[in-house]
Amino acid sequence: MSFEFEVVATDGNARAGILHTPHGDIPTPVFAPVGTAATVKAVPPRDLEELNIGLVLANTYHLHLRPGDELVREMGGLHSFMGWNGPLLTDSGGFQVFSLGEINRIDDEGVTFRSHLDGSAKRLTPARSMEIQQNLGADIIMAFDQCPNPSDRDEAQAANERTHRWLRRCREAHPDDNQQALFGIVQGGVFPDLRQASARFVTETDLKGYAIGGLAVGETKPEMYLTLDETIPCLPQERPRYLMGVGEPDDLVEGIGRGVDIFDCVIPTRLARHGAAFTHDGRINLRNAKFKADETAIDAALNNYASRFSRAYLRHLIVAKELLAYYLISLHNIDFLARHVESMRRAIIAGKFREYAVKFLPRYLRLDLTTE
RNA sequence: GUGGGCGUAGCUCAAUGGCAGAGCACCUGAUUGUGGUUCAGGCGGUUGAGGGUUCGAGCCCCUUCGUCCACC
């Protein structure tokens with residue numbers, strides 16, 4: 001039963017489903033907040049439970065360096081260690097090696113890089129990534145991949161070849177999905193033929209889910225949407241599709257409308273730490289002086305613990321660099337995205353996804369329809 | 001009362017007699033498989049006041065106001 005995926009409803013290309021995991025069922029589409037260092041920054045697991053968060057992502061690279069995946073295993077695994085008993089996913093470490101590692105050498109077997117913490121030399125290979133992720137013990141683990149510059153065709157081509165080669169190694173090192181499900185990752189930059197070739201290769205390997213990587217890394221939104229249009233039809237209907245690193249509210253609508261089931265993104269918590277909050281009328285920067293005496297809540301449509309506080313108070317907390325600001329705004333932003341995705345799931349089941357999208361997007365993007 | 005120091009952006013302070021600046025604060029923007037201390041941009045001045053010397057004064061001279069210190 002574990003890791004089986006049921007599609008319970010479709011509406012156009014959008015689907016509503018259930019992904020079964022050893023730590024509970026995940027209703028999809030789902031948005032996963034990111035807990036890099038075994039914590040969704042500033043938000044305790046209790047709150048994530050109250051917000052009905054279906055999935056949390058943790059980072060292999062960061063946890064391998066600190067506190068160490070061996071320690072996490074000794075402490076009973078990531079669920080126990082971080083006090084989150086719901087479904088967990090770990091990324092492979094590939095993205096961080098490329099985005100954080102200052103000095104690194106890529107070869108066909110893996111990546112040599114320097115720790116961003118102490119500069120010590122480290123090496124990550126597909127087999128090593130699997131070993132680390134097994135030590136961490138998340139429900140879903142990701143193949144070790146290479147994320148190229150999306151608009152550099154030669155680099156995207158080379159990254160495809162490595163990513164595909166490495167997927168085989170990952171499957172060999174993690175041969176069954178009894179305890180942890182391995183997801184493969186499609187690369188290919190913004191080039192349709194490379195994406196399709198990657199999707200063909202990756203889906204030849206039987207995996208519990210397929211991810212689309214290498215997006216939201218510098219390309220434009222239209223490029224990202226077109227790439228999804230080209231890629232998703234190459235993925236099997238009966239497996240969950242995971243768009244990695246994407247989570248702006250409009251992108252969630254665009255992704256779900258194209259058939260994506262799983263998202264993760266740092267944006268709700270990162271924006272919160274910079275004082276920005278999601279509302280149905282678009283993103284607001286609570287640091288702005290215009291909120292100095294604003295007695296309203298961030299977004300009247302939400303009802304979470306942050307809802308009882310005024311924008312004026314939250315602005316004060318941000319300006320004063322009070323820790324409570326990080327907690328309350330992170331809570332709000334995660335709630336916003338969770339309710340947003342939950343609403344889309346209900347809309348899909350009711351056959352009203354398009355209605356939701358055409359209502360949500362113009363308001364969120366603040367489009368003036370009267371001039372069109 | 002006498003002697004001395006200091007008065008420059010909201011704050012702390014720079015600036016040989018030669019285009020008045022910096023840091024912080026304030027204001028605005030950015031952040032998509034994490035980047036709480038980051039980055040970018042912007043607002044901001046009758047240099048305490050008045051007079052003088054000079055081609056030219058934040059700087060030199062005089063007066064005055066404020067402030068701090070020391071000594072009667």
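The structure presented is a predicted model; accordingly, all values stated were derived computationally and were not measured. To find a chain, count down the sequence lines: A is the first, B the second, and so on, and within it residues start at 1.
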Reckon A:K292 touches a base, only the sugar-phosphate, or nothing at all at heavy-atom distances under 4.0 Å? nothing
State yes or no: are the ring centers of A:Y356 and A:H340 separated by less than 6.0 Å? yes
Using a 4.0 Å heavy-atom cut-off, does A:I185 contact any base of the nucleic acid, only the sugar-phosphate backbone, or nothing at all? base
With a 4.0 Å cut-off on heavy atoms, is A:K321 in touch with a base, just the backbone sugar-phosphate, or nothing at all? nothing
So if I take every side-chain heavy atom of A:S92 and compare against B:G29, B:U32, B:G33, which nucleotide ends up nearest? B:G33
Atom CD of A:E219 to atom C1' of B:U32: distance rounded to whole Å? 9 Å
If we count only N and O atoms by modelled type, under 3.5 Å, do the side chains of A:H332 and A:Y305 hold a donor and an acceptor together? no
Indicate, yes or no, whether a donor-acceptor pair under 3.5 Å links the base of B:G29 to the side chain of A:N285. no
So if I apply the side-chain contact (heavy atoms from CB on, under 4.5 Å) rule between A:I298 and each of A:L314, A:N304, A:D335, which one comes out positive? A:L314
List the residues meeting ring pair (Phe, Tyr, Trp, His ring centres under 6.0 Å) with A:H316, not counting sequence neighbours, and say none if there are none. none
Taking the same atom, P, in B:C19 and in B:G33, what whole-Å distance lies between them? 49 Å
Among side-chain atoms of A:T227 and A:D229, is any donor-acceptor pair under 3.5 angstrom? no
Compare the minimum distances between each of B:U32, B:G35, B:G33 and the side chain of A:C147, then state the nucleotide with the smallest one. B:G33
Go ahead and write out RNA chain B as dot-bracket, 5' to 3': ( ) for pairs within the strand, [ ] for ones crossing earlier pairs, | when the partner sits on another strand, dots for unpaired; Watson-Crick or G-U wobble, both distances under 3.5 Å. (((((((..((((....[..)))).(((((.......))))).....(((((..]....)))))))))))).
OP1 or OP2 of B:G36 versus the side-chain N and O atoms of A:R270: is any pair under 4.0 Å? no
Looking for any heavy atom pair under 4.0 Å, which part of the strands does A:G214 touch: base, sugar-phosphate only, or nothing? base
Ignoring backbone atoms, establish whether A:N288 has a side-chain N or O less than 4.0 Å from OP1 or OP2 of B:G29. yes
B:U38 to B:G23 separation - P atoms, rounded to the nearest Å: 13 Å
Partners passing side-chain contact (heavy atoms from CB on, under 4.5 Å) against A:P236 (at least two apart in sequence or in another chain): A:T203, A:Y210, A:E238, A:R239
Test your reading of the model: is there a side-chain donor-acceptor pair from A:T28 to the backbone of A:G17, 3.5 Å cut-off? yes
Any side-chain N or O of A:H274 below 4.0 angstrom from OP1/OP2 of B:U32? no
Expressed as a whole number of Å, how far does the P atom of B:G17 sit from that of B:U64? 26 Å
Can you tell me if CZ on A:R354 sees more than 12 non-hydrogen neighbours from other groups inside 6.0 Å? no
Before we go on, tell me: are the rings of A:Y313 and A:F291 under 6.0 Å apart, centre to centre? no
Can you figure out which of B:G33, B:G35, B:U32 approaches the side chain of A:E248 most closely? B:U32
Please measure how far the C1' atom in B:G44 lies from the corresponding atom in B:C27, and state the result in whole Å. 10 Å
Suppose you measure atom P in B:G50 against the same atom in B:A57; what distance do you get, rounded to whole Å? 15 Å
How would you label the contact of A:V319 with the nucleic acid (heavy atoms, under 4.0 Å): base, sugar-phosphate, or nothing? sugar-phosphate
Hey, is the side chain of A:R287 poking within less than 4.0 Å of OP1 or OP2 on B:G29, counting only N and O atoms? no
What interatomic distance, in whole Å, is found between C1' of B:G52 and the corresponding atom of B:G10? 33 Å
For A:Q187 and A:R315, find the nucleotide of RNA chain B closest to each by heavy atoms; which residue's nucleotide sits nearer the 5' end? A:R315
Say we look at B:G45 and B:A20: how far apart would their P atoms be, to the nearest angstrom? 14 Å
C1' atoms of B:U67 and B:G48, separation to the nearest Å: 11 Å
Name the orientation of the base relative to the sugar in B:G36: syn if the glycosidic angle is within 90° of 0, else anti. syn
Nearest whole angstrom, please: distance from the C1' of B:G33 to the CG of A:L89. 9 Å
Quick one: which of B:G33, B:C27, B:U31 gets closest to the side chain of A:R283? B:U31
